[in-house]
J.: 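Here's a structure for you.
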Amino acid sequence: MNFVEELRWRGMIHDIMPGTEEHLLKETTSAYVGIDPTADSLHIGHLVSIMMLKHFQLCGHIPIALVGGATGMIGDPSGKSEERVLLAEDTLRHNQECIKKQLLRFLDFDSRINPAIMVNNYDWMKDFSFLSFLREVGKHLTVNYMMAKDSVQKRLETGLSFTEFTYQLVQGYDFLHLYEHHHCRLQMGGSDQWGNIVTGTELIRRKTGGTAYALTCPLITKADGGKFGKTEEGNVWLDPARTSPYRFYQFWLNCTDEDAAKYIKIFSLYTKEETDAMLAEHQAAPHLRVLQKALAKDITVRVHSEQDHQQAVSASEILFGKGTEEALKSLPEAMLLSVFEGVPQCDVSRDLITAGIPLIDFLSEITEIFPSKGEARRMLKDGGILLNKQKVSDENLLISAAHLLIGRYILVQKGKKNYYLVTAK
RNA sequence: GGGGAGAUACCAGAGCGGUCAAAUGGGGCAGACUGUAAAUCUGUUGGCGCAGCCUUCGGAGGUUCGAAUCCUCCUCUCCCCA
């Protein structure tokens, strides 16, 4: 399978250095992408580069995941308007461990032919003395060359520290190191990494006379111009403790048609034929949202599990399907709990409920679903509040035992998509 | 070191003694229409015991019956000169 060809139809190539494709066809090579260990979990923004590695491995090459223990301590100025906060070493170490576990779900580290490799640039940078660095790396590139980088230019107005300015050399040296020790000939990354990657290939050329390649993918955007991978709650994480499988699944299911068509090529492994078929099917009957479902399934199963996907689907069906109050009431407790596993929950004292709680107090002070009573009232006025799937409009309504499902639960909806499960304790 | 401009709600940005909880745009949230889509339209966007009250316009004081608006000091940002 032709790696470049594969990425090309998936729309995952933004820029590619001439000769890359030919080189990859000629011999088995290794390529790397860098991952900043700024948190103890990856989020879906990382997924693009990970999918590039995945395809790379599927095409018979060797993928290298480089955890930026060293570079993470410096901070990449690319795409940042301000100087970055530096991370402490032990935090970085912890994050690296967690990230590695997540990578295992994507890459095959045990293959006998082309096992994936994980490295940490801290290991070769930590004992690199300043003087050696200047002599071995700094000597080969001019300040003029470094200044010309877009990432540097953009920061000239507001200023950037020497540390950040040097970042590209450190990243460049990573490439050189992998070139020499792991037969790495290619670095991939987001399009904002182009400048840094090219510094690496340049360094390799000047220092060893060898040739290395670069390939970047477009930054993922949303059709409405918003930031990809962000929701109201923030990042969409791979760690189920940070983003529940249900929410994770919902994120993908909720994509607009336009985005789904783009994402399915990038984030799933469906073949070109399968994808084309789904695109056609979707065009014919868009309301079935074949694309969103297929996308959500593929990626939820890969990141979490088949079972998590099943649960997310059944939860979604109950929450968004034709589910009525009757259907909800007839749900067995175990089912109800599993459906709402990924939904925010809170407990309320049973005595309070038996005594009766004014609706507004219940929504704000008691459950903290709303940060203020005013907001709860507003939403109520807009008709955005549902109890057990029933729209409520009476501000003076008293929440009482009569509202409890199976004698224990109350399902509160804020708008169409936000659910809260309240349990009487 | 010298001179100038500025700091307003999530962001941008009006207001320059009372009618200002603060124009307008963007964003957010919700409603209608739909397909948990897009587009469009509508509402809403400091708190509360909500025809009223309380806390907000970089910070601290002051003038005034009354300050986002005037004065003093402080902090920070930007621009020009050295």
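Within every chain, numbering begins at 1; the chains are lettered A, B, ... in the order of the sequence lines, protein sequences first and strands thereafter.
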J.: Scan every strand shown for a Watson-Crick or G-U wobble partner of rU64(B), both distances under 3.5 Å, and answer none if you come up empty.
T.: none
J.: According to the Watson-Crick and G-U wobble definitions, with both distances under 3.5 Å, which nucleotide is paired to rU77(B)?
T.: rA5(B)
J.: What integer distance in Å separates Q413(A):CD from rG31(B):P?
T.: 9 Å
J.: Without decimals, in angstroms, what is the distance between F370(A) CZ and rG46(B) P?
T.: 16 Å
J.: Taking pairing as Watson-Crick or G-U wobble with both contacts under 3.5 Å, can you name the mate of rC16(B), or confirm there isn't one?
T.: none
J.: On a whole-Å scale, what distance lies between the P atoms belonging to rG26(B) and rA39(B)?
T.: 13 Å
J.: F320(A) versus L253(A): any side-chain heavy-atom pair under 4.5 Å?
T.: no
J.: Could you please name the partner base of rA82(B), counting Watson-Crick and G-U wobble pairs only when both distances are under 3.5 Å?
T.: none
J.: What's the gap between rG25(B) and rA60(B) when it is taken at their C1' atoms, as a whole Å value?
T.: 34 Å
J.: Starting at the 5' end of RNA chain B and moving along, which residue's nearest nucleotide shows up first, P286(A) or P371(A)?
T.: P286(A)
J.: Starting from C1' on rU44(B), measure out to CE on M379(A) and report it in whole angstrom.
T.: 9 Å
J.: Both distances under 3.5 Å, Watson-Crick or G-U wobble: report the partner of rA51(B), or none.
T.: none
J.: Is there a side-chain polar atom (N or O) of K391(A) under 4.0 Å from OP1 or OP2 of rA32(B)?
T.: yes
J.: For nucleotides rA82(B) and rA7(B), find the distance between their P atoms and express it as a whole number of Å.
T.: 28 Å
J.: Write down the distance between CG (L386(A)) and C1' (rC29(B)), rounded to a whole number of angstrom.
T.: 15 Å
J.: May I ask you to verify if any side-chain N or O of K373(A) is less than 4.0 angstrom from the OP1 or OP2 atom of rG49(B)?
T.: yes
J.: What about F340(A) and Y420(A), are their ring centers closer than 6.0 Å?
T.: no
J.: Measuring from the side chain of H287(A) (C-beta onward, heavy atoms only), which nucleotide among rU36(B), rA30(B), rG35(B) has the closest atom?
T.: rG35(B)
J.: Please report, rounded to the nearest Å, how far the C1' atom of rC29(B) is from the CG atom of N418(A).
T.: 9 Å
J.: Under 3.5 Å, is there an N or O donor on one side and an acceptor on the other linking the side chain of Q250(A) and the base of rU36(B)?
T.: yes
J.: Can you tell me how far P of rA37(B) sits from CG of L291(A), to the nearest Å?
T.: 15 Å
J.: Looking only at atom P, what distance separates rU40(B) and rG47(B), rounded to whole Å?
T.: 28 Å
J.: Between the side chains of R8(A) and E5(A), is the shortest nitrogen-to-carboxylate-oxygen separation below 4.0 Å, so that they form an ion pair?
T.: yes
J.: I'd like the P distance from rA30(B) over to rA38(B), given in whole Å.
T.: 12 Å
J.: Hey, does M118(A) have a side-chain heavy atom less than 4.5 Å from the side chain of V67(A)?
T.: yes
J.: rA38(B), rA30(B), rG35(B): which one has an atom nearest the side-chain heavy atoms of Q292(A)?
T.: rG35(B)
J.: Is any NZ, NE, NH1 or NH2 atom of the basic residue among D40(A) and R242(A) found under 4.0 Å from an Asp or Glu carboxylate oxygen of the other?
T.: yes
J.: From the set rC50(B), rA38(B), rG47(B), return the single nucleotide nearest to any side-chain atom of R377(A).
T.: rC50(B)
J.: Pick the P atom in rC11(B) and in rG27(B), then give their distance to the nearest Å.
T.: 16 Å
J.: Below the 4.0 Å mark, does rG35(B) have OP1 or OP2 next to a side-chain nitrogen or oxygen of N254(A)?
T.: no
J.: Say we look at rG58(B) and rC48(B): how far apart would their P atoms be, to the nearest angstrom?
T.: 25 Å
J.: Let's test this: given Watson-Crick or G-U wobble pairing with both distances under 3.5 Å, identify the partner of rG27(B).
T.: rU45(B)
J.: Select one nucleotide: of rU34(B), rU36(B), rG43(B), the one nearest the side-chain heavy atoms of K416(A).
T.: rU34(B)
J.: Return whichever of S372(A) or R289(A) has its heavy-atom-nearest nucleotide of RNA chain B closer to the 5' end.
T.: R289(A)
J.: Measuring to OP1 and OP2 of rG47(B), would you say a side-chain N or O of R378(A) lies under 4.0 angstrom away?
T.: yes
J.: How far does the P atom of rG62(B) sit from the matching atom of rU56(B), given to the nearest Å?
T.: 15 Å
J.: Between W237(A) and F248(A), is the ring centroid distance below 6.0 Å?
T.: no
J.: For F248(A) and rU36(B), what is the distance between atoms CZ and P respectively, to the nearest whole Å?
T.: 22 Å
J.: Could you give the CD-to-P distance, from Q283(A) to rA38(B), as a whole number of Å?
T.: 17 Å
J.: With a 4.5 Å heavy-atom cut-off, do E395(A) and L380(A) have their side chains touching?
T.: yes
